[in-house]
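Here is the structure we will look at, set down as structure tokens.
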Number of protein chains: 2
Amino acid sequence: MTDSIVSRRRAIALAGVGVAGVAGAAAVGGALIKGAADDEPHPAEGAVAFTGEHQAGIVTPAQDRLHFVAFDVITKDRERLVGMLKDWTTAAARMTAGRDAGEVGAVGGIPEAPPDDTGEALGLPPSGLTITVGFGPTLFRDATGKDRFGIADRRPPALADLPHFPGDRLDDTISGGDLCVQACANDPQVAVHAIRNLARIGMGVVSVRWSQLGFGRTSSTSKTQATPRNLFGFKDGTANLKSEETELLRDHLWVQPGDGPEWMTGGSYLVSRKIRMIVETWDRSSLAEQEMIVGRRKGSGAPLGGRDEFDEPDLAAKDADGEPVLAKTSHVRLAHPTMNGGARLLRRGYNFVDGSDGLGRLNAGLFFIAYQRDPRKQFVPIQRNLSRMDEMNEYLKPVSQALFACPPGVTGPADYWGRALFA
Amino acid sequence: MTDSIVSRRRAIALAGVGVAGVAGAAAVGGALIKGAADDEPHPAEGAVAFTGEHQAGIVTPAQDRLHFVAFDVITKDRERLVGMLKDWTTAAARMTAGRDAGEVGAVGGIPEAPPDDTGEALGLPPSGLTITVGFGPTLFRDATGKDRFGIADRRPPALADLPHFPGDRLDDTISGGDLCVQACANDPQVAVHAIRNLARIGMGVVSVRWSQLGFGRTSSTSKTQATPRNLFGFKDGTANLKSEETELLRDHLWVQPGDGPEWMTGGSYLVSRKIRMIVETWDRSSLAEQEMIVGRRKGSGAPLGGRDEFDEPDLAAKDADGEPVLAKTSHVRLAHPTMNGGARLLRRGYNFVDGSDGLGRLNAGLFFIAYQRDPRKQFVPIQRNLSRMDEMNEYLKPVSQALFACPPGVTGPADYWGRALFA
């Protein structure tokens, strides 16, 4: 196996962590393997920088595929937990650059030892992989109030348990979690590989609580992206916060100095909700009813009463009968910032289909993800408004919910996820 | 909505069913929308011809994503069943050409009526979509032996119920089915859209029994494709039947005249198996053990004792101690045609991750699909061999199995899936 080790070293020399310029060429355990397009890698195949002021995977133009996982921490040992977070950071830096998860890779290692990469992404390009980590409320204090890792006094007030919303049918086994990892990529095999290797590295420290695959992004996070469609067939996320809106991101997305404990400055709070959509019932409703419920045209995505997708919804407009053009119960009206004290969200959800429901229907819907500066002022009031009034609720069944504090970005080789929290 | 209807008509005129040349430009309900690459559509975005001697989606170079569904037929009315098969054929011809599922689409239709396309694929290119249909044993005769639709005497002998294999833990609710539809595409949103619209069209006639998403093809079906990797991290399907091997396809894949009832000539039998892979245990085994169990090198995919992936495995080779280089219990040896009376399969499986298993692990594995001329002579003896001897079984848990007779291709506008069966 000597030849493999030599070529692996060469590969590492060629493709150091953070070298985004190797986009399209994936350094793997045994060799430097080119992506599909040898000369001009497709942008979707390139690498996203891992380090930075903020974690990647939040304002990064939303990739097409998702693997999201929530972990329970099963150790009581703070040092083991911190050690795993360090190992995760190292592995994530490698994998987002298109490399294997660990030093001796999946091949060319020691025959008598388990490989330290699982191998299914060998030869695949970085595929825009981002890996984003968050800390759940239960990491700070367990259900009995116990300070598990000596960080209870560092729990941000904004990481307050979410209230119950009318209509929710939450399944505890797929809600919450001590840690989360969001892996987004343009190739699902690459996203799954990332989650699986972090789970492997965390063996004995964490245990998978729940995990969710998403196959079609339902929001744009950049003005360079076309607005995608959700499983109701409508454009979704037209009014989403975008990476180019620097001032709005400061006000609505990133935690600012003085907002709470200093370790979260530059971070953001993630709310996830798995929302089953009863698509069979929706598909039997008329086009006019669908458009009335959403408040937008199905084809263009224009708000009712407007002409173009990005026209501002006119909440005051009345029709010939004096009725509001945008119904009081329409989704667009209820979610509009003016109805929610100006609150905005950066949404980053995905469509899902998880087999069938045993009642002759697809188990399909939206895995909603939203990032924000303070859920108490953003997600909670907006969702309270929607859960009480939105006519769309008739077609929705929320089954899972979780909240995580995503720390700021890792700034260099000596840094790791949670360093400021555990320092 | 006049403008929408006009532009829709123009779109239909531009992109008639079967015009594969519009690859990259998707005609949708309200407009002709260009794919991402305006001038040179990516091959992955193009259309695959729907009509032909054989159904598409069998030897078609395996697309990257899968949505597979099995239906129960809930009507007792033969004419309603036949009517649905006709409607499905029409809709499938449209959708595989990148169009909406029905005449008045998702937008631009009658406001008071439900749209006849669900809309989530509006604006997406054909994405290599293929839709392949099969008939299960229970369509011919129910569990009580009743001839449900007057076709019991047309059941092919090759469509014999599969035997029980050692180690199987089959869940009846996700096994079997009266009808199956395999939708493969390079965009999962397109595959899901196809299945969902067929389910919508079949409302009252069929009910979803089970459905499965797959995200990474685990076999090549063409010599033009690189061999992909399964979730054990190994190249999978190296020795698969390939679309270029015309004589082998005749002998091993396509039903020949005289094989059974004439309506199946040109068709093929599909066996599906959902095989959970206990990846956490696999990941703790050594590289040498993994390679011994598979019988191939993890990096190159070469058979042990060989140098290159496509080297023929040398089943007779012995090592210095006189032991077989390819262990008696290795997967490559047991699946090799010489160990199975020459039997070959065309495999077309996909990786899956369905959340977690409630025990701290990912619910991940292989959704195995294999096509063949006669399962009694191909899948059954091979699987019997594997289920008894294969050391890989320690890491596998088969949970679902199904068998379907996939009729030959639809040859033109007057033809429909199952015409020869129901004629």
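Chain A is the first sequence line, chain B the second, and so forth, proteins listed ahead of strands; every chain is numbered from 1. Computation of the quantities below employed the complete heavy-atom set of this structure, encompassing side-chain atoms and omitting hydrogens, waters and symmetry-equivalent molecules. Since the model is a prediction, treat every value here as computed from it, not as a measurement.
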Examine whether an atom of B:R361 lies under 4.5 Å from a heavy atom of chain A, and if so say whether it belongs to the side chain, the backbone or both; otherwise answer neither. backbone
Enter the distance from B:R217:CZ to B:R229:CZ here, rounded to the nearest 0.5 Å. 12.5 Å
Chain A contacts, top residue of B:D283, B:T118, B:I195 (heavy-atom pairs, under 4.5 Å): B:D283
Need one label for B:V206: side chain, backbone, both or neither, based on atoms under 4.5 Å from any heavy atom in chain A. neither
Chain B heavy atoms under 4.5 Å from A:Q189: which part of the residue, side chain, backbone, both or neither? both
Under 4.5 Å from any heavy atom of chain A, what part of B:H67 do you find: side chain, backbone, both or neither? side chain
Rounded to the nearest 0.5 Å, how far apart are SG of A:C184 and CG of A:L129? 8.5 Å
What part of B:V353 gets within 4.5 angstrom of chain A, counting heavy atoms only: side chain, backbone, both, or neither? both
Assert top hit (heavy-atom pairs under 4.5 Å, partner chain B, pool A:Q212, A:Q290, A:R284) equals A:R284
Starting at NE2 of A:H193, measure out to CG of A:L124 and round the result to the nearest 0.5 Å. 9.0 Å
OH on B:Y350 to OG1 on B:T218, rounded to 0.5 Å: 8.5 Å
Quick check for you: to the nearest 0.5 Å, what is the distance between B:S285 atom OG and B:I293 atom CD1? 6.0 Å
Which heavy atom of B:R200 sits nearest to which heavy atom of B:A101, and what is that distance? NH2-CB, 4.0 Å
Pairs of heavy atoms under 4.5 Å with chain B: top-ranked of A:T173, A:D354, A:N230, A:V279: A:V279
Considering only heavy atoms, which portion of B:I110 lies under 4.5 Å from any heavy atom of chain A: side chain, backbone, both, or neither? backbone
Please lay out, stage by stage, how B:F367 and B:F68 fare under the test ring pair (Phe, Tyr, Trp, His ring centres under 6.0 Å). CA-CA 10 Å; B:F367 187 73; B:F68 192 99; 5.4 Å; yes
Give a yes or no answer on whether the side chain of A:S220 reaches the backbone of A:S222 with a donor-acceptor pair at less than 3.5 Å. no
At a heavy-atom separation under 4.5 Å, does B:D117 approach chain A through its side chain, its backbone, both, or neither? backbone
Carboxylate-amine/guanidinium contact B:D357 B:R276, below 4.0 Å: yes
Heavy-atom pairs under 4.5 Å with chain B: which of A:R65, A:E120, A:R196, A:K298 has the most? A:R196
Can you tell me if A:D171 uses its side chain to pair, donor with acceptor, with the backbone of A:V399 under 3.5 Å? no
Between A:G299, A:A199, A:A113, which has the largest tally of heavy atom pairs under 4.5 Å with chain B? A:A113
Inter-chain contacts: residues 231-238 of chain A against chain B, heavy atoms under 4.5 Å: A:L231, A:F232, A:G233
How far does CG of A:L213 sit from CG of B:N363, to the nearest 0.5 angstrom? 11.0 Å
Quick check on the interface: out of B:A288, B:P115, B:S207, who has the most heavy-atom pairs with chain A under 4.5 Å? B:P115
Without hydrogens or angle criteria, can the side chains of A:S127 and A:N186 be said to hold a donor-acceptor pair below 3.5 Å? no
